[in-house]
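What you are looking at is a predicted structure, and each value in this text was computed from that prediction instead of being measured. Counting convention: from 1, in listed order, for ligands and their atoms alike. Hydrogens, waters and symmetry mates play no part in the numbers below; they use all other heavy atoms, side chains included.
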Amino acid sequence: MGDEKALIAVLRGETRPAPPIWLMRQAGRYLPEYRALRAKAGSFLETCYTPSIAAEITLQPIRRFGFDAAILFSDILVVPDALGQKVSFESGSGPKLEPIETPDHLNRLAETFDVERLSPVFETIDRVKSALPADVAFIGFCGAPWTVASYMIAGQGTPDQAPARLFAYRHPDAFARLIDKLVDASIAYLARQIAAGVEVVQLFDTWAGVLPPSEFDKWVVAPLQKIVAGLKEKRRDVPVIAFVRGAGAHLPDLAARLGADGLGLDTSIDPKWAADRVSNNVALQGNLDPLALLAGGESLDRQIDSILRVFEGRPHIFNLGHGILPETPLEHVSRLIERVRVGRR
Ligand code: 1CP
């Protein structure tokens, strides 16, 4: 098996007796040490752009729980910020951006993406890299074009991304230009994260599930394919994970067509259904219900065991089906890690 980090080995197609484990949003509000640091730091974006603090937050969950991977502390909305769109985060109510309401508003964005506007992020990566334990993998990320565009157009979180869906129907050419710009920015940004020291990258398409099939192909599949191909052209050796939330029945097709090394499964996917339809050369990541982790007890144990059983003998990364909830008790996280590492039952 060699001494490759477990997460990377699994993304190369190996299986492990106990799968590597990390949790989406593991650096965040369920941790008291995160809340303490955030209370002292400035705004959320300033926190993201202060390498000493962002590096510390990235390392907090590793110190406390010993996860198999650290994920860079940042946000998907630093890309619109670097493109010149005003972005802020109001405590409690999520992100606020100056919305893109008409094709004309696209002219407010920078002509080309200047990756060095995000240089504090790369300095954070450099700091984390030198402090990370030798067996812990380092994951970089960005938002997928559809998901990032949906916030850029609405200017805030919405239940169903209706503003972006309407914009794409009304102004398909202008929307395609925005998506293309985000494809190019994502490739440049992730390549730069890799140059700074991340070893794996994850693409978050949190809002893929709101699109009908024809739109899904145009705004989810095609842009993700371009990003994976663009990255593989530069760095074939760096594994890519795609988390396409709400992909549902599209999942086998994504496994076959994206060229990603790993696919994230959201909470709604039946693990067995996915395992039966995705070939073993694509690792599957997931997919414990974040609410089961919050609830704890017997239902948590049962769900952990059933996920472990289904993915036994195929490349699997243990994770949640979406981000960890801020109310999650710390003991439940310790219990999860212990149970996953005991091995399979
Ligand atoms: O301190 C705070 O109150 C801010 C909360 C917070 C945090 C901890 C936000 C605002 N972003 C983050 C960090 C973050 N965001 C990470 C860090 C690393 C980790 O996972 O530990 C990552 C990977 C993200 C990615 C992200 N941001 C996504 C995709 C993943 C997902 O959870 O679906 C999305 C959709 C965002 C936008 C965003 N940023 C923050 C919030 C509250 C939101 C959601 C907005 C909404 O739709 O209402």
Side-chain angles (χ1 to χ4, degrees), residues 21-50 53-62 64-65 67 69-81 87-97 121 124-125 128 138-164 186 189-190 193 198 200-210 241-247 264-267 285-287 290 319-328 333:
I21 176 170
W22 70 281
L23 303 181
M24 290 189 281
R25 293 287 181 105
Q26 68 187 20
R29 280 178 300 174
Y30 74 110
L31 287 178
E33 56 272 35
Y34 171 83
R35 295 194 300 266
L37 249 190
R38 281 281 294 117
K40 281 194 289 180
S43 70
F44 178 73
L45 267 188
E46 275 175 64
T47 309
C48 292
Y49 294 148
T50 307
I53 299 178
E56 176 58 25
I57 294 174
T58 304
L59 292 165
Q60 283 175 343
I62 307 305
R64 184 183 276 270
F65 295 116
F67 288 115
I71 180 160
L72 169 70
F73 179 77
S74 180
D75 196 80
I76 64 168
L77 299 179
V78 299
V79 168
D81 187 51
V87 180
S88 63
F89 288 81
E90 287 156 25
S91 56
S93 63
K96 285 272 177 294
L97 300 83
V121 174
T124 301
I125 292 172
V128 171
F138 192 8
I139 304 171
F141 72 92
C142 73
W146 160 250
T147 287
V148 174
S150 72
Y151 286 99
M152 293 175 79
I153 286 172
Q156 59 185 21
T158 68
D160 57 2
Q161 305 301 2
S186 303
Y189 182 39
L190 292 175
Q193 289 185 36
V198 304
V200 173
V201 295
Q202 175 155 317
L203 299 159
F204 284 94
D205 217 344
T206 300
W207 289 102
V210 300
I241 304 171
F243 174 64
V244 183
R245 188 169 72 113
L265 305 179
D266 67 53
T267 305
Q285 173 174 279
N287 71 341
N319 206 314
L320 297 171
H322 198 193
I324 186 167
L325 296 161
E327 304 80 12
T328 306
V333 179

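- In terms of modelled atom types and a separation under 3.5 Å, the side chain of Trp146 and the main chain of Trp207 share a donor-acceptor contact.
- Shortest non-hydrogen contact noted between Leu77 and Phe89 is CD1-CZ, 4.0 Å.
- Contact shell of ligand 1 (protein heavy atoms, cutoff 4.0 Å): Arg25, Gln26, Ala27, Arg29, Tyr34, Arg38, Phe44, Ile71, Leu72, Phe73, Ser74, Asp75, Ile76, Phe89, Pro95, Phe141, Tyr151, Gly157, Phe204, Thr206, His322.
- Although no hydrogens or angles enter the test, the distance criterion places a donor-acceptor pair under 3.5 Å between the side chain of Gln193 and the main chain of Phe141.
- At least one donor-acceptor pair under 3.5 Å links the side chain of Asn319 to the backbone N or O of Met24.
- Under the 3.5 Å distance criterion, the side-chain polar atoms of Thr147 are matched with a main-chain donor or acceptor of Thr206.
- You'll find the side chain of Ile57 reaches within 4.5 Å of the side chain of Gln60, heavy atoms only.
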